[in-house]
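For reference, the structure discussed in these notes is given below.
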Amino acid sequence: MKINDVILQTVAKVVVFIILTLGVYIFLAGHHNPGGGFVGGLVLASALVLLYLSFDIKTVHKGLPFDFKLIAALGAFTVVAAGVGALFFNESFLTQTFLSWTWPIVGKMGVSTVTIFEAGVALAVVGVVITIILSISEDV
Amino acid sequence: MLITIIIPFLAALFVPILHKSIFRKLHIGWFVLFVPLVLFMLLARSIPSVSNGRAFVHAFEWIPAYGVNFTIYLDGMSLLFSLLITGIGALVVLYSIFYLSQRESLSHFYVYLLMFMGAMLGLVFSDNVIALYLFWELTSISSFLLIAFWFYRNQSRYGAQKSLLITVSGGIAMLAGFLMLYTMTGSFSIREIASSIHLHANHELFLPALVLILLGAFSKSVQFPFHIWLPDAMEAPTPVSAYLHSATMVKAGLYLVARFTPIFGVEPVWFWTVSIVGLVTLFWGSFSAIRQTDLKALLAYSTISQLGLIMSLLGIGSAVYALDFQPSSLILTSAAFAAFFHLINHSTFKGALFMVIGIIDHTVGTRDVRRLGGLMAMMPLTFTIALIGSFSMAGLPPFNGFLSKEMFFYAMNQVQAFNLFSISTLSALFPILAWIASILTFVYSMIIVFQTFFGRYKPDEFDRPPEEASFGMLIAPAILSILIVGIFFFPNVINRHILQPILLNVYAPLADAMEFDFHISAWHGFNLELFMTLGVVVFGAIVYKLLRHWMKIYGLFPEKWSFDSLYHFILERGEQAARSLTNTYMTGSLRHYFAYIFLFFIAAVGGILIYTGAFSIATNQDAPITVYEWIIAVIMMIAGIAIIFATSRLTAIILNSVLGFSIAGLFVMFRAPDLALTQLVVESVTTALFLLCFYFLPPFKQEEKPARNFQWTHALISISVGLVFIFIALAVNSNPMFDTIAHFFENADELTGSSNIVNAILGDFRAFDTMLEVVVLFLAGIGVYTLVKLKKGREEQNIEDQ
């Protein structure tokens, strides 16, 4: 039986971008508002899962030719590297630092090394979730 | 000096990268060759200052709270070993370039080899016993990897496993011994232990520590009865056998014994154990060597026997401590001197012999003495090197083995003359056993030369026609054979610069009292030692001529009484017992596994609650429960109970999501948007994952059957788990056992620049937890991936048993 999933596919095409944007927003918002690397990564992963559900693995792989195992490894590496990085500045392992200024109009904004750490978390989450789901579904 | 340990490891990191890029055409060994070569030169530069009695110390803190540090200590003894490691290492790498073709997985080989080199250097440089133990086991592991280099061979895997099991068990015994020393003296430093051990000689742990450390040394240095792993380790590529299993790693036990002689030497047990085990090994090794038909196995047994020789000399040398430095006992220091001299000589001639056997194996495709013969005409250079090596091993002039063999006889005769510890009959056995073993050594040395290079030429037996080996392969053994002859003519160069400082290390208390003024000379006049050597030659020749008649002796020992059979017996029984024990609880049923996990949880967490008396529950400070909270709680209860009665998986999973989403709702009510958000997304992704897994699960009913009838144990477990959780939740809230950490969260913005305290905790305050969680998550993902992929490849698993 061939499943007619035109509606699912059409909706997914639009919704995936909304979810992806939301994921990035949640990731960045995490510094001061609810959100963060873990949730952001999960949202991004769920967008991808939606894509895989509505299209098949081959089609998605054509558009997103990533090896998600490598992405997971990259994430785990980034997290550890963010910790080791502090050692080069004579700080103890995993010390985070930040800078922030008060800007006109937008108010207080800054940069922080936590972002690198959180990016690693997000990458690892996306990579692991997709790796698990893909390897189980490929096992058919 | 730290750099010498680090360089091999660093180079090992670069080997795979270089192998894939620059060295695709060129043999990667040329790059590796630089490492031991440079290190040898670096170390050789410190010979002059060390021979003047200086020692270098560098300490690097590792776990200072427990006194565990990387203390690098370079004195005469570690210098000798490090020169052997790098010197022989350079020759072996050079040899391996021509021995291993480009088709082998060279990057693995050289990474393991460099790993071994670094570990072995670390072993001889470590003054701290914990660091020493670390490097000790690392050499075992790299030896394991190198023996199993041709891992598709059944025999290689068997030999690798055997060596690892025996050496690591010895290593663990040794670690226990080190910890006992720490309990006695409060120090992990060998030098500190040596200086304070005389205060603890009557301690009850002194003897156990001695025995345990000897176990480690004996298993590593293939002493009887742990010698059984070495012949099986010969499955390794020949450069590895020449390097690890004759020149360096198996000498680690000798190093350990020599290092610990100042600590344990005062105890006569040390003298008796070390010297008698050494003598028995010497005899048994040479006795077993003669019956071998595989040349490499022959060399393995000969290595066992030679190591036994050195071990027994070290044992006799330690008697000086046991006799409390009586002036008349000082003559026995010559035994330790002979031990180290023979250690150097053994590395030269055994290295050369291994390389020669490797050449023969490489050229004609066999190393079975029954198939070899008459190769002298085809391979004159190889023959010359083999002749030099074997005659040196047999103890003939003009080769270095003659000098150390004479000194060995001298030391053995001293034991008898000395009548040590007034046991005259036993001490008479020393020279006799030594002499018989030397005859046997002579015989097997002759087997190597005469049965390989003389006799009938049997070209049909060879896989390939014999021809002289390539120039590159001959360089390394040629250098060694030049050393063999060179040391014979100029022994006192080594004597003055390398051996004298070692004696100062072994006999530190004598350093001021006496001068170690040994002079090695080839000619002593017609004394007892010379007549013993002559006897060895005469009797050896007779035994060799009548070898066929003597071989019957080996039939006297039935196969099933050997130590090999004992090893198999223990291994088999151990595996059986472990399997039957494991099978009792690893049933393959998830239900049972959950029961174990929950039972442990109840015991551990509930037990702690009871133990710490945390059961006081105070509700007076809690906020009142609102109507909405009640509603959600009731919904969750209903869903939870309903799951038990669900008849299809889909119902169960939907009810489970009801629980999850209700928790998210509770989080919202308690103003924890972060948690609510995470919970919602996790719930969605999990549901997708569950649906995916359903595809593979058997029908719900079928599996459910045995559990249909109500099971009291399961009910009891689940109710207790729930109760423990409730008690924890209530107890945590009402029983503040620790100081509040709220001020961290109140000042999160100033401390971390982040006003979201949840993320401040995750990314900064408790970043270490998060980091490890990410790593665990990653490992779990890779785990799922490999499990799924491995299952697929199961049908084609049997290809590796060849």
Side-chain angles (χ1 to χ4, degrees), chain A residues 23 26 29-43 45-46 49-50 52-53 68-69 72-73 75-80 82-83 93-100 110-115 117-118 120-121 123-125 127-140, chain B residues 667 671-689 691-696 748-789 791-792:
Chain A
I26 286 180
H31 203 51
H32 295 298
N33 296 308
F38 185 72
V39 196
L42 270 180
V43 172
S46 59
V49 171
L50 179 63
Y52 280 111
L53 283 179
F68 284 95
K69 294 186 294 297
F77 177 78
T78 313
V79 168
V80 179
F93 186 59
L94 277 170
T95 307
Q96 312 283 11
T97 184
F98 63 97
L99 285 170
S100 63
V111 285
S112 166
T113 53
V114 178
T115 315
F117 186 84
E118 292 279 320
V121 175
L123 282 177
V125 169
V128 168
V129 169
I130 304 293
T131 304
I132 291 179
I133 288 184
L134 282 191
S135 48
I136 292 177
S137 58
E138 273 171 357
D139 191 32
V140 177
Chain B
F667 284 147
R671 297 196 196 89
D674 265 286
L675 296 182
L677 190 63
T678 314
Q679 178 70 27
L680 282 174
V681 185
V682 166
E683 218 29 71
S684 322
V685 176
T686 334
T687 310
L689 199 63
L691 291 172
L692 198 62
C693 291
F694 278 3
Y695 185 90
F696 300 96
D749 199 14
E750 287 107 81
L751 289 170
T752 67
S754 162
S755 44
N756 176 359
I757 59 163
V758 177
N759 274 356
I761 299 170
L762 287 177
D764 203 328
F765 295 140
R766 307 289 303 168
F768 197 65
D769 296 358
T770 315
M771 187 193 84
L772 292 182
E773 276 156 21
V774 168
V775 173
V776 168
L777 184 74
F778 172 63
L779 289 180
I782 292 296
V784 170
Y785 176 78
T786 32
L787 278 179
V788 170
K789 297 287 159 186
K791 200 184 78 192
K792 272 182 181 164

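Note on naming: letters A, B, ... go to the chains in the order of the sequence lines (proteins, then strands), and numbering restarts at 1 for each one.
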Give the intermediate values and the outcome of side-chain contact (heavy atoms from CB on, under 4.5 Å) for residues A:F77 and A:L123.
CA-CA 10 Å; A:F77 177 78; A:L123 282 177; over 6 Å; no
Contact origin within A:V129 toward chain B - heavy atom pairs under 4.5 Å:
side chain
Show the nearest heavy-atom pair for residues A:S135 and B:V784, with the distance to one decimal.
OG-CG1, 3.9 Å
When heavy-atom pairs shorter than 4.5 Å are enumerated against chain B, which of A:A73, A:A124, A:G127 gives the highest number?
A:A73
Go through the structure and list residues passing side-chain contact (heavy atoms from CB on, under 4.5 Å) with B:I761, not counting sequence neighbours.
B:F745, B:F765, B:R766
Relative to chain B, which of A:I130, A:T131, A:I132, A:V125 shows the most heavy atom pairs under 4.5 Å?
A:I132
CG/A:L42 to CG/B:L680 distance, rounded to the nearest 0.5 angstrom?
11.5 Å
Just to verify, what does B:Y785 make a side chain to side chain donor-acceptor pair (under 3.5 Å) with, not counting sequence neighbours?
A:K69
Quick one: pull up OG1 in B:T770 and CD in A:E118 and give me the separation to the nearest 0.5 Å.
7.5 Å
Heavy atoms under 4.5 Å from chain A: which residues of residues 671-678 of chain B carry them?
B:P673, B:D674, B:L677, B:T678
Any residue meeting side-chain contact (heavy atoms from CB on, under 4.5 Å) with B:S684, in chain and number order, not counting sequence neighbours
none
Let me know if A:V121 has heavy atoms under 4.5 Å from chain B in its side chain, its backbone, both or neither.
both
